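Convention: sequence-line order gives letters A, B, ...; per-chain numbering from 1. Since the model is a prediction, treat every value here as computed from it, not as a measurement.
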Amino acid sequence: MTEKKTPLLDELEKGKWPSFVTEMKRAAVKSESAGELLQVLERSYVEHRGHWKHGGIVGVRGYGGGVIGRYVDEPETYPNVAEFHTVRINQPSGFFYNTKTLRTICDIWEKYGSRLTNMHGSTGDVILLGCKTEDIQPIFDEYSEAGFDLGGSGSCLRTTNCCVGPGRCEFACYDTLEACYNITNEFMDELHRPMWPYKSKIKFSGCANDCTGAIARSDISVIGTWRDSIQFDQAAVKEYAAKNFDIQGLVCDKCPTKCLTYNSQAQELSVVAEDCTRCMHCINMMPKAIKAGKEKGASILIGGKSTIVQSAFMSSVVVPFMKMEVESDFEEFKDLVRRIWDWWDENGKSRERLGELIYRVGMGKFLRECEIPAVPQQVFRPRANPYVFWQQDDLDKSGTALDGSKL
Amino acid sequence: MTEKKTPLLDELEKGKWPSFVTEMKRAAVKSESAGELLQVLERSYVEHRGHWKHGGIVGVRGYGGGVIGRYVDEPETYPNVAEFHTVRINQPSGFFYNTKTLRTICDIWEKYGSRLTNMHGSTGDVILLGCKTEDIQPIFDEYSEAGFDLGGSGSCLRTTNCCVGPGRCEFACYDTLEACYNITNEFMDELHRPMWPYKSKIKFSGCANDCTGAIARSDISVIGTWRDSIQFDQAAVKEYAAKNFDIQGLVCDKCPTKCLTYNSQAQELSVVAEDCTRCMHCINMMPKAIKAGKEKGASILIGGKSTIVQSAFMSSVVVPFMKMEVESDFEEFKDLVRRIWDWWDENGKSRERLGELIYRVGMGKFLRECEIPAVPQQVFRPRANPYVFWQQDDLDKSGTALDGSKL
Amino acid sequence: MAKLDQGPPNYKEMLPPIIKENYGKWQYHEIPQPGVLKHVAESGAALYSVRVGSPRLVSIDFIRDICNLADQYCDGHLRFTTRNNVEFLVSDEAKLKELLETLSAQGYAVGGTGASISNIIHTQGWVHCHTPATDASGVVKAVMDDLYEYFESMKLPAKLKMGLACCLNMCGSTHCSDIGIVGVHRTPPRIDHEKLRKTTEIPTLVASCPTGAIRPDPKNKSVVVNEDKCMYCGNCYTMSPAMEIYDPRNDGIAILIGGKVSNARTAPSFSRMVIPFLPNNPPRWPEVTEAIRSIIELWIANAHKGERLGEWIERIGWEKFFSLSGLPFSEMLIDDYIFARETFRTAAGFKY
Amino acid sequence: MAKLDQGPPNYKEMLPPIIKENYGKWQYHEIPQPGVLKHVAESGAALYSVRVGSPRLVSIDFIRDICNLADQYCDGHLRFTTRNNVEFLVSDEAKLKELLETLSAQGYAVGGTGASISNIIHTQGWVHCHTPATDASGVVKAVMDDLYEYFESMKLPAKLKMGLACCLNMCGSTHCSDIGIVGVHRTPPRIDHEKLRKTTEIPTLVASCPTGAIRPDPKNKSVVVNEDKCMYCGNCYTMSPAMEIYDPRNDGIAILIGGKVSNARTAPSFSRMVIPFLPNNPPRWPEVTEAIRSIIELWIANAHKGERLGEWIERIGWEKFFSLSGLPFSEMLIDDYIFARETFRTAAGFKY
Ligand code: SRM
Ligand code: SRM
Ligand code: SRM
Ligand code: SRM
Ligand code: SF4
Ligand code: SF4
Ligand code: SF4
Ligand code: SF4
Ligand code: SF4
Ligand code: SF4
Ligand code: SF4
Ligand code: SF4
């Protein structure tokens, strides 16, 4: 298949890091499109430019997204990748797989596609990289039959994503895997039928280490936390001390609020719980000895996104603490995001992400209209200007003649 | 004179802080306008509103500013303050006076005005508070004769201002008094004949304590500093130690860069000079033992102003270090501000302060067009977005077809 | 004819001999007692400066009084500070005690040095300006009376610098003060269409509104204000007398705290709004004096030695300040202007 | 007919028995060696996760290979990480050593745990996207080859998280990475007027430009670009295929550093530009790999233990970073976009 030479790409088969070129060549053994893709890429390496175009809308019946249309710019030269679309398959929570499921993915893709995938896309999907327009519906049909569904693309709820959480992490403050699964299922319509001003993303991290990068990468960032005090196992503290672990220097001195004290005599830790910001540092350093509090839940932060158009935004706190209970079906969270999306849908301009909208119209208006109480946790610091929008109805206007007449 | 009652204001003659009401009453003994001013003010206290209007342009021949026109809103009721203008007299550097000069100010004002003044206005002027239109020119003529000049108002260089500096402060890193005097004299035309988009202010502080509030209150902030290392008098350090002054806790622990070390054994201080940011803290705490470096000068910061219109701005560094030498007549500084004002004058919109203009068009453009080198000291941190305006002339455009044709 | 452009009086003529002799040669200073600075020069000479509070709005009688004192104790030399206090410059130590006694006898306020509250930088208010939302001198008098103990002593954790501005123009430079007292309007301007037609250039007026709330109304040869967009800055009133914005029932005072301008330890910082509105209640503005006193007492009780008000709050966190102070938090305090974004808590770490 | 809206496969069916049994009951973890995590549950059960680097762009053959390994050593269970690595989930300690040996024999890359460099989050590049200014997989391969020693060991001061995005859309989320590699265009879009007339809604296109550089040109039924206002973001090209922006001679890579997303110790922070441009030099992008290596080595040499790249730079100051690194500073690195102001040094304190 790959008779044509790829001298530049071949260079990238050397070195210790696993090679995507090798992977492309493996795919190309049985896939003509993968073979041509290598040629197109080699040419890009020579010319320092890409050769792909976006184009007409491609998709499956009943959905508005999930497929990214892509065409090579010289279809005559590269007929096998003239159409080379991407299909996004919604991944299982936490990227957990059994081999049967993975093999099913491979088997179907082998029938129709380039044999190339991304495991996974940057949002979280299984990315099936490169197929023809005519095959899109059959591909979907077969995957659907096998228990898979498409992920998001376009102005919709995008594929949600979560950290490994309680599946394998002692730090998880809520069930990220179940939250992601349950909430994704709740919002199937929002995921599959784009109808908003722009895309919206949710990421679930079990604690403030934020292993999904939610705060930077999702409009709605759900970050596990707790409301009471961190807990100590003082026997385990002593074990760390016995191993000459520098508790004072590496743990206490780096506590951002200096609320953690090490008594080196007694070899015991103590904390001023109300001053702890639950940053996770001490827990990270001494997982055997320090644990999160008992009253667990999550902070909800809103507005994260990358650079286009108004600059990158990080999410910021809107609900400092919310219970994320499987038992109550995450109702409080679902209600909240519904209110927020409705508001955004009503007020947002085309291609305006949630964070940009809040910035444009003001956090105060956002909170008021979404019925979220204002609390000091929402800001690093209060406003520096005195330009308050007063609710005119709350004022005593009896003496104010607004028509210009003297008072 | 003040037959009329002022029960609310009378309340403000009580208490330990010196009373402006008492001052107004003293003036009112011989000044009818001061008497009426008391009435107007009492009425404001009753009604919770002001009674002053701005109005037509008032001024003196040859100048475009220096006088603030003011009229009461009910001239029939208050004929003596129907016209009640303010004259701004440029103060001597550092607010130093001999009593002869002060008495001259009083004597002339007694002849024409309300007998009321502000010592001083918030920008720095001697504020002569309240006179009639017809008296403005004679007032100016007499003050001028006696060696005074008007300060600024309108879209001009405003009255400059400086800290006490070498006159009485061991911290002064350049001669603030002379700089203020010399530079004010250089820019008489800019001060007296408004011609810019808006006002521009300069304040001179002898060190980073910034006792004029320059960084917050002036478009051009000249803040004394040094380029080499702070100096110690170790004998004096020992004296502080002997008095049980907590050198470690109150000085070293609060050094922002932790570059200052106290050897409590030897009772000696040492510094990593290249890490010192010259914040003044240690010098403030131990003025007998720690001194600024020998190579003194100033940092020039640009753009400070208060809230109207785009929010308050603080000045930011444009020239990290400049010699401020009396001998060279402050030439480097004068050249710099001329370039900056010219650029502002050319590019600024009406009522756009320098800081707002720089924000609008970009710091990079400002630096480039004012021929100021870009250095990392100008920013806390570099840009977080990749939206660089590339100078197209520096690029290799030979392969770029800008007319839309294929490359 | 008046001489033009002769510039301010030459400061050199104002300096007392001790300063001329030791100009730029000062070695250190001490504060022997509140209100008295002792500066010692390399030559060994010592200059005593006695700081006296001033209402700033003073009669020429006041100026003549202090001139008399300066003649008597300072060989005719004195100065004012950048905070409008008077400083008597005493070069003869013998005269220091006498001066202090005289000042005390005559009821002058001596203090404002070191870890104290000095005078409040302030503005014109109802005395002379046309846009005030509150008075200046009156509020200052009420607050300084209330806090006088902290002016005449040096028992605060650090210096406390206050500013007052009677409207959002902020002539009092309250934007970087430990405590800023700002007069605020809360209702949109009222348009006097007739006056507007006579006095105002409409495009300039329209351009002056920072939020774009003013639209031209060509039919009416006037303008309309979109009241939802107005945040009552009064900039339009500065541009046009036909846009009156004062409103006795709704004007009042906002409190912003935690700013500073010195670079000592921490970078200069803006003051932050903690109370969006207190009523104008002359002559003594009790709501304002009480609010300020509570904040100061909280600071005294909790700050480390040497910690400015804002430095303390930044250390404990603004959310903690609100819980300690009991001040109500509301969306009014959340920034929604141009640079709002940097104030949002883009982090999962905070105190409850 | 396909079933609609059935949602993703249920993760519960994917979990190995040890996880089902100890779900939410994990007690602590250790990293016995680079690339191996040991999680111990309250029950005493221990799960070993072996992390293997992946090129992410993989063939189904690769997936089948790892399935075979998972069948052999993990009872058919594995997962991927949020950074696209593979994790073999070994519940039987006996099989751990065997697995590691097999992986080593077959040339898999084991590592990426603890204080190491893990995989680089990245994007499509020249492989599949239409707006790239550089390739993704190729640059990642070149950089990871060069830094491989830091993947397979844990000798860094702290974790180092890298991201690559092939254009300013930043799908690789480089904006909060320790090191972000971003493809940048540097010349304005080239308008294909004919195509534009056929494909593009002009008002939408005009609205898409963040700097207002695009004006309608009604005469020509097309648009004009004010090149002085364009900062080459490519947003117009996303909106219209008639606005081609790639430019082989001038496209390349910018390096942004010092960001993070975790809340540990310090708040999440954006990455900051330290190198505005490096050329596209495939296949190995030597300028890029060298620049990154120098930054990392400087960090290793100077940071405190446990200090992320950005935490180190914030401690010493960015001006100091520039003097230590010798990287040239220029106005390109000074922000001039919407939130520029907060980056200006509004303080007199800095290092030379
Ligand atoms: C495939 C993927 C990159 C990858 O290789 O993994 C991707 C690829 C594209 N992204 Fe993205 N984005 C991908 C994750 C992201 C992320 C990361 C994330 O979700 O965590 C971001 C940053 C976070 C965010 O949402 O802001 C991201 C921010 C963008 C943006 C800028 C959005 C913004 O508001 O700033 C665009 C531009 C747009 O929407 O027009 C964009 C647009 C695109 C388009 C659709 C460009 C286009 O107009 O054709 C790319 C299609 C490439 C292709 O050939 O398939 N992509 N994109 C990722 C999706 C895979 C998946 O479903 O799992
Ligand atoms: C007199 C004085 C207040 C005082 O009581 O001390 C004052 C009084 C006025 N200021 Fe001011 N400003 C005074 C110092 C300041 C300062 C402080 C400073 O200079 O350090 C500021 C803040 C710093 C700055 O420049 O930003 C200041 C910021 C303003 C502004 C807002 C400017 C801005 O860009 O934000 C205005 C509005 C304007 O220019 O239209 C303003 C406008 C005014 C006007 C002219 C309002 C008007 O349109 O009539 C006031 C005249 C009052 C009167 O009745 O005389 N005044 N003004 C101060 C001048 C006395 C002097 O010459 O010494
Ligand atoms: C007289 C005056 C300068 C003048 O030219 O008039 C002055 C004089 C001195 N200042 Fe100042 N400062 C003066 C206004 C200021 C201002 C501006 C202001 O008040 O609006 C500031 C900046 C305020 C801010 O940061 O918000 C200022 C911030 C300082 C500091 C830094 C304090 C800090 O830790 O942040 C020092 C150092 C110290 O006191 O330790 C200082 C130190 C000093 C020293 C000790 C300098 C010296 O060695 O002579 C002087 C006596 C201070 C004292 O009163 O305790 N001076 N000083 C001003 C007196 C105003 C007043 O009447 O109260
Ligand atoms: C497997 C994974 C979650 C998943 O669902 O896939 C994961 C797993 C763990 N993370 Fe993470 N993190 C994972 C991505 C992240 C991310 C997101 C990212 O990489 O884009 C972050 C935020 C990065 C940032 O701040 O820029 C992240 C920030 C942390 C931190 C905070 C580090 C810090 O000091 O800033 C910890 C705590 C620690 O390691 O001390 C942590 C700790 C951990 C622990 C120790 C949690 C535990 O007890 O199991 C896990 C092993 C860490 C290790 O590899 O050393 N994890 N972790 C992700 C592995 C990615 C990879 O293949 O390398
Ligand atoms: S975010 Fe927290 S709970 Fe989730 S994997 Fe990372 S450390 Fe564990
Ligand atoms: S979680 Fe963070 S803030 Fe809380 S005690 Fe530990 S290190 Fe300190
Ligand atoms: S700014 Fe510095 S030099 Fe000037 S008076 Fe204040 S402490 Fe002295
Ligand atoms: S001047 Fe400031 S930074 Fe320098 S040593 Fe003294 S306290 Fe430290
Ligand atoms: S703050 Fe406002 S009201 Fe007060 S003097 Fe300045 S312009 Fe006038
Ligand atoms: S008060 Fe300010 S915001 Fe309101 S209309 Fe006037 S200028 Fe605009
Ligand atoms: S970063 Fe840009 S070029 Fe790369 S995949 Fe995303 S949209 Fe495409
Ligand atoms: S590249 Fe960006 S800035 Fe330039 S014209 Fe297109 S949208 Fe506007």
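Here the closest heavy-atom approach between residue B/A172 and residue B/P166 is recorded as CB-N, 3.5 Å. Of all heavy-atom pairs spanning D/L333 and D/F329, the tightest one is CD1-CD1, 3.9 Å. In terms of heavy atoms, B/G206 sits closest to B/Y174 at CA-CE2, 4.1 Å. The shortest heavy-atom contact between D/V261 and D/P268 is O-CG, 3.3 Å.
Taking the side chain as every heavy atom from C-beta outward, B/I202 and B/S218 never approach each other to under 4.5 Å. Looking only at side-chain heavy atoms (C-beta outward), D/I313 and D/I257 come within less than 4.5 Å of each other.
The SG atom of D/C209 lies 4.5 Å from the CD1 atom of D/I214; values are rounded to the nearest 0.5 Å. Going from atom CG of D/N250 over to atom CD of B/Q392 covers 7.5 Å, rounded to the nearest 0.5 Å. Atom SG of residue D/C167 and atom OH of residue D/Y246 lie 15.5 Å apart, to the nearest 0.5 angstrom. If you take CD1 on D/I245 and CG on D/D251, they are separated by 8.0 Å, rounding to the nearest 0.5 Å. With values rounded to the nearest 0.5 angstrom, D/L324 atom CG is found 5.5 Å from D/K320 atom NZ.
For a residue to count as touching a neighbouring chain, one of its non-hydrogen atoms must lie under 4.5 Å from one of that chain's; by this rule B/F366 does not touch chain D. Heavy atoms closer than 4.5 Å to chain B are found in both the backbone and the side chain of D/I334. In this structure, the portions of B/L395 lying under 4.5 Å from any heavy atom of chain D include both its backbone and its side chain.
A side-chain N or O of B/W341 and one of B/S200 form a donor-acceptor pair less than 3.5 Å apart. Between the side chains of B/N209 and B/N284, a donor-acceptor pair is found at a separation under 3.5 Å. Residues B/N161 and B/T212 have side chains that never bring a donor and an acceptor to within less than 3.5 angstrom of each other. Residues B/T160 and B/K203 bring no donor and acceptor atom of their side chains to less than 3.5 Å of each other.
The pair D/R265-D/E307 does not meet the salt-bridge criterion, since no charged nitrogen lies less than 4.0 angstrom from a carboxylate oxygen.
Ranked by non-hydrogen atom pairs under 4.5 Å with chain D, the options B/C259, B/S221, B/P386 are led by B/P386. Contact tally against chain B (heavy-atom pairs below 4.5 Å) for D/Y232, D/F322, D/Y337: the top residue is D/Y232. Heavy-atom pairs under 4.5 Å with chain D were tallied for B/G364, B/A216, B/P320; the largest tally goes to B/P320. Per-residue heavy-atom pair counts under 4.5 Å with chain B were compared for D/A254, D/P276, D/G317, and the maximum is reached by D/P276. With chain D as partner, the option from B/C276, B/G362, B/S316 having the largest number of non-hydrogen pairs under 4.5 angstrom is B/S316. Interface check for chain D: of the options B/R383, B/R227, B/M280, the most heavy-atom pairs under 4.5 Å are formed by B/R383.
Although no hydrogens or angles enter the test, the distance criterion places a donor-acceptor pair under 3.5 Å between the side chain of D/R272 and the main chain of B/P382. A donor-acceptor pair under 3.5 Å links the side-chain atoms of B/Q378 to the main chain of B/V375, judged by distance alone. Using modelled atom types, one side-chain atom of D/H185 and one backbone atom of D/T131 make a donor-acceptor pair closer than 3.5 Å.
Using a 4.5 Å cut-off between non-hydrogen atoms, the part of residues 293-303 of chain B that approaches chain D consists of B/S299, B/L301. Residues of residues 340-352 of chain D that come within less than 4.5 angstrom of chain B, heavy atom to heavy atom, are D/R341, D/E342, D/T343, D/F344, D/R345, D/T346, D/A347, D/A348, D/G349, D/F350, D/K351, D/Y352 in numerical order. Contacts from residues 234-242 of chain D to chain B, taken as heavy-atom pairs separated by less than 4.5 Å, involve no residues at all. Applying a 4.5 Å heavy-atom cutoff, the residues of residues 170-182 of chain D that approach chain B are D/M170.
D/W312 and D/F321 have perpendicular rings, their planes meeting at more than 60° on a 0 to 90° scale where under 30° would count as parallel.
Counted within 6.0 Å of NZ on D/K221, heavy atoms from surrounding residues, nucleotides or ligands total 12 or fewer; the atom is thus considered open.
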